[in-house]
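Each ligand, and each atom within it, is numbered from 1 in the order the structure gives. Just so it is clear, the structure is predicted and the values come from calculations on it, not from any experiment.
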Amino acid sequence: MAEVIIVRDAREAGEFVADAVIDLVRARPSAVLGLATGSSPLPVYDAIGRRAGEVDLSRVHGFALDEYVGLPEGHEQSYRATITREVVVPLGLTPANVHVPCGRVEGIRTAGEEYDTAIAAAGGIDLQLLGIGTDGHIGFNEPGSSFASPTRVKTLTRQTRRDNSRFFGHADEVPRRSITQGIGTILRARHLVLLAFGESKAQAVASAVEGPLTSSVPASAIQLHPRATVVIDEAASRLLANADYYRDAFADSSAWQTR
Ligand code: GLP
């Protein structure tokens, strides 16, 4: 099962996960991070940014989870631009070390395989940050995605396009397709850290952590991983049947242990 850590708020979650990232980079200066976009990982990037003087991040490698297909080069809502703005610049990562799946229509057929090859060539991902969609997606692996899927093109659900329309103005402007690390790709990372905050994520979190393993809830695949940590606030924990157990287990343990 996943280790579930219920924190007071997103800021506390950010500091908690930033500790883990900084420890990792101290132990392995060329660590490979899996970078997620969306609002959930922002507190982690903020916390690392505040402590950037404590550790040299210039040799860290990053692989983004996903990208929209077909946005014009440099579009401010492309995940390439988002990762540059929210992660590479504030954390002082070396731009050449940070990879985002290529969402250009030309070459899209081979882009997924090339991305998985690049991840493997970097030695695999040490710590993969994840958010979760309200429909239980991770990356852009929408419901029905194979747990063995490689990086590939996925059509977005109407729900996801509605959820993401806040960044585009209108749902019609949200691209219809994405290229995303597959669930198989994500499961190969050595540590998964899934973040979720707020009531709107409570159902997806409960299904992912306590529901049956099903491709209808792509995030339930984390139950297959030997080291998955779910860091959530009270509101996102509300529908968990075993919240008290997670609190007891966390109080009894040193964090980040394998379950
Ligand atoms: C998008 C991203 C996901 C992210 C999800 C939730 O769909 N592709 O990686 O987890 O949004 O975003 P947020 O954290 O803003 O709720």
Output the list of atoms in ligand 1 that are nearer than 4.0 Å to some heavy atom of [X], sorted by atom number.
{"X": "F140", "answer": "1 (C), 7 (O), 8 (N)"}
{"X": "G131", "answer": "10 (O)"}
{"X": "N164", "answer": "1 (C), 7 (O)"}

Ignoring angles and geometry beyond distance, decide whether [X] reaches within less than 3.5 Å of ligand 1 through its nitrogen or oxygen atoms.
{"X": "G139", "answer": "yes"}
{"X": "T37", "answer": "no"}
{"X": "T160", "answer": "no"}

Could you tell me whether E67 and R80 have a side-chain N and a carboxylate O separated by less than 4.0 Å? no

Is it the side chain (CB and beyond), the backbone, both or neither of [X] that lies under 4.0 Å from ligand 1, heavy atoms counted?
{"X": "Y68", "result": "neither"}
{"X": "S39", "result": "both"}
{"X": "I132", "result": "backbone"}

At what distance is the nearest protein heavy atom to [atom], and which residue and atom is it?
{"atom": "atom 8 (N) of ligand 1", "value": "D66 OD2, 2.8 Å"}
{"atom": "atom 16 (O) of ligand 1", "value": "K201 NZ, 2.6 Å"}
{"atom": "atom 12 (O) of ligand 1", "value": "G38 CA, 4.0 Å"}
{"atom": "atom 2 (C) of ligand 1", "value": "Y79 OH, 3.6 Å"}
{"atom": "atom 14 (O) of ligand 1", "value": "S40 OG, 2.6 Å"}
{"atom": "atom 7 (O) of ligand 1", "value": "H137 NE2, 2.8 Å"}

Using the ring of each side chain (for Trp, its six-membered ring), is H61 parallel, tilted or perpendicular to H99, with breaks at 30° and 60°? parallel

When clusters are formed by joining ILVMFWY residues with side-chain heavy atoms under 4.5 Å apart, either directly or through shared neighbours, do L35 and L57 land in the same one? yes

Can you tell me if F197 has a non-hydrogen atom under 4.0 Å from ligand 1? no

Contact between ligand 1 and E67 is defined here as a heavy atom of the residue under 4.0 Å from a ligand atom; is it met? no

Between E114 and T110, does any side-chain donor sit less than 3.5 Å from a side-chain acceptor? yes

Between the side chains of E113 and T117, is a donor N or O closer than 3.5 angstrom to an acceptor N or O? no

Ignoring hydrogens and geometry, is there a side-chain-to-backbone donor-acceptor pair from [X] to [Y] under 3.5 Å?
{"X": "S178", "Y": "K154", "result": "yes"}
{"X": "R152", "Y": "P150", "result": "yes"}
{"X": "Q223", "Y": "G211", "result": "yes"}

Should Y79 and F140 be marked as a ring-ring contact (aromatic ring centres under 6.0 Å, His included) after you check the CA-CA gap, both sets of side-chain angles, and the distance that decides it? CA-CA 12 Å; Y79 284 174; F140 271 133; 5.8 Å; yes

Go through it in stages, so that I can follow the logic: the residues are R51 and E15, the test is salt bridge (charged side-chain N to carboxylate O under 4.0 Å, His left out), and I'd like the CA-CA distance, side-chain angles, deciding distance and then a yes or no. CA-CA 10 Å; R51 298 174 55 187; E15 305 205 325; over 6 Å; no

Taken to the nearest 0.5 Å, the spacing of L213 CG from L224 CG works out to 4.5 Å

